[in-house]
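One structure is given here, and the rest of the page talks about it.
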Protein chains: 2
Amino acid sequence: MRSKTTSLRDVARLAGVSVPTASQALNGRARVSDETRRRVMEAARRLRYTPHAAARRLILGRSDSVAIVPGTNMTGIFSDLFYRAVLTGVGGVFEEAGYRMLITPPLRSASQLPQFVEMASAREIDGVLVAGVVDTRWVEDTIAAGTPVVLLDNHLSGRPVPAVVNDNAGGAYSATRYLAELGHTRIGFVGAAVDYPFGRETHDGYRRALAEAGLGPDPGLERLIPIDAERAREAAGVLLSLADPPTAIFAVTDLLALGVITAARERGLAIPADLSVVGMDDIDLASVTNPPLTTVRIAKEEMGRRAARMLLDLIRGTDVNPTIVVLPNELVVRGTTGGRR
Amino acid sequence: MRSKTTSLRDVARLAGVSVPTASQALNGRARVSDETRRRVMEAARRLRYTPHAAARRLILGRSDSVAIVPGTNMTGIFSDLFYRAVLTGVGGVFEEAGYRMLITPPLRSASQLPQFVEMASAREIDGVLVAGVVDTRWVEDTIAAGTPVVLLDNHLSGRPVPAVVNDNAGGAYSATRYLAELGHTRIGFVGAAVDYPFGRETHDGYRRALAEAGLGPDPGLERLIPIDAERAREAAGVLLSLADPPTAIFAVTDLLALGVITAARERGLAIPADLSVVGMDDIDLASVTNPPLTTVRIAKEEMGRRAARMLLDLIRGTDVNPTIVVLPNELVVRGTTGGRR
DNA sequence: TTGTAAGCGTTATCAC
DNA sequence: GTGATAACGCTTACAA
């Protein structure tokens, strides 16, 4: 039982003017008399008039909304500890700019045409912000359709698609280097598959720090797994069961670090006395754990803000040359790291 | 440089038919010949035609999208461990039904007119799903505008607005009762402000279990705080510093329980030997903590699914009498609880 | 079976 | 300053 909509026509009639005049009056153009504007405004208020969004879009050619797309590396945009912080930053910027965010369902298989491509060509959105891993083809399709795209926490090797990323290699480097400086010589690595940029970059950073510290890489100390605390627990279990186990482990994610700590505890190891652990991300819970987690703090909200602003610039045509912004991060030393026994 | 949109007109021209015929052909009505339909489909495919969403909405009168509104009790819909799971359920249902979800910015002050009310009267959305605390007035405004609303994890006392809620009282009851059965007589309570349904209900459940166990309520053992791990740490600190401290604590949220555990550890207390702790929610991390957390598992995804389906029914006019669904929960005994020393 | 006409609610253009 | 008139892209009603 939907009540009948009140349209601009009703407002115009009540105010005793024509429809176009009412439109002008409400949109603040200068070409109507103060008296008329007053009457129209009053009528609109009385009728609780709200312009029909679809009608405006149809004629204005823009939607004032953007799509936020969760990449293939997450099950849901709500179920990811990392992206929730990133999106807080994103949300702030778009909200302030008067843009609406449409969250699409997470991308699944690479074969299925994602909703955002459709939305782009249906002119439902003015821009797309992709958080995480995405198929190159989709991005190109969308750009070809005339809709600007900004990548978040991901970047494409081929085309110069604007992107904002964390300095993953740098973060992994400083974490590993810090462990080496503490005197550790057997430093384990719990990372992600190297066929994604994140996995590759963190692995690179880890190896580089090792090399600089004069420690040769030992593939036996490296475990590449999906980003999942449980899998990290298993992986750390393997490392700690080695004949000559590591005395320190760098996990590329706080969640993974938590899994590592669990595995250590299960074996009766004290942290950091028997094992030092460093994560990366700095999730909210990192400071509440026991002991609080030493980690590489990623500027998540800033990442989101930067990406959102880039997209806004692209939509408005302010900025035209795409750039990839690499955000620095910071090692936060807390309680899970200590000198080698 | 937005490339020119390809409209139905282009498709019709290429197929050599009129625009309405093309429309009919694409929408699968029976009134066009197979041959014509084939030609139109082919033309649409070749031109990569997508109907203009705003135009369809304008004439069809529906948007096939719903608004998801984060209530005033959260800072962001992405920054809440609980709602992310709920929304996973919500998302699944709407995705399958072909509906789009618009996530509005979180509600702030009660004075500001929220975006979803505006969207509802702008006919941008077919329904609203509010997750958490919301001002009664807004809900009534929206319903009055003809847009159905379903409440999630909240319900309004006055009007019969359809809602899906967890059995908060029941959960608090079984948690507390379990602790009493373990032999604890001094059971602390770390809860939320009682002026919200959640706070009130959990408090009620706690007190009821206490009463049934023959334990008088002791206001000195109850701390009412905002849902925040840090505040829970402080609150637990106070409880544990009592002359006669509790030997068990029920925290209304897993996050709070984590804070309680931290406070206990800071005082050198072993868990569960010196202090038993029960949370509520069963966040993903609950099974990874040290020791794994005993908690009341809330059927979060199911909550989301039920609420989404209710809204869908309301939108389609299938269901007309609003109901409040109370979902049962389940005590999951893990490692943070033990018999009284 | 198909084409013509009309209209959804809004804004832009251009006379008056 | 204001009001016709046209247009945005699409769909339904009706006539051919």
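- Counting heavy atoms of neighbouring residues, nucleotides and ligands inside a 6.0 Å radius, atom CD of B:E96 does not exceed 12 of them.
- For A:D195, the CG atom is densely surrounded, since the number of other residues' heavy atoms within 6.0 Å is greater than 12.
- Close to C:dG9, at under 4.0 Å from its OP1 or OP2, lies no side-chain N or O of A:R9.
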Nucleotide N/O of nucleotides 12-16 of chain D paired with protein N/O under 3.5 Å:
| from | atom 1 | to | atom 2 | distance (Å) |
| --- | --- | --- | --- | --- |
| D:dC14 | N4 | B:R31 | NH2 | 3.3 |

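- To the nearest 0.5 Å, atom CG of residue B:L58 and atom CD1 of residue A:I59 are 10.5 Å apart.
- Between B:L8 atom CG and D:dT11 atom C1' there is a gap of 9 Å when expressed in whole angstrom units.
- Between C:dT2 and B:T36, a contact under 4.0 Å exists linking OP1 or OP2 to a side-chain N or O.
- As judged by a 4.0 angstrom heavy-atom cut-off over every strand, B:S7 is placed among residues touching the sugar-phosphate backbone only.
- The separation between A:R13 atom CZ and D:dG3 atom C1' is 16 Å, rounded to whole Å.
- B:V19 comes within 4.0 angstrom of a nucleotide base, judged by non-hydrogen atoms across all strands.
- What separates CZ of A:R62 from P of D:dC8 is a distance of 18 Å, to the nearest Å.
- Looking at A:S7 and A:T5, their side chains never bring a donor and an acceptor atom within 3.5 Å of each other.
- In summary, B:E35 and B:R39 engage in a salt bridge, as defined by a charged side-chain N under 4.0 Å from a carboxylate O.
- Ring geometry for B:W138 versus B:F116: interplanar angle over 60°, hence perpendicular rather than tilted (30 to 60°).
- Taking atom NE2 of B:H52 as the reference point, atom P of D:dC8 lies 11 Å away to the nearest angstrom.
- Between B:T21 and B:A55, the one whose closest nucleotide on DNA chain C sits nearer the 5' end is B:T21.
- For the pair A:R38 CZ and D:dG1 P, the computed distance is 18 Å after rounding to whole Å.
- Distance A:E124 CD to D:dC10 P: 13 Å, rounded to the nearest Å.
- Rounding to the nearest 0.5 angstrom, the gap separating the CD1 atom in B:I315 from the CZ atom in B:R62 is 11.0 Å.
- Checked against D:dC8, D:dT2, C:dG3, the side chain of A:L58 finds its nearest nucleotide in D:dC8.
- Taking side-chain N and O atoms only, A:R57 has no distance below 4.0 Å to OP1 or OP2 of D:dC8.
- Close to D:dG9, at under 4.0 Å from its OP1 or OP2, lies no side-chain N or O of B:T5.
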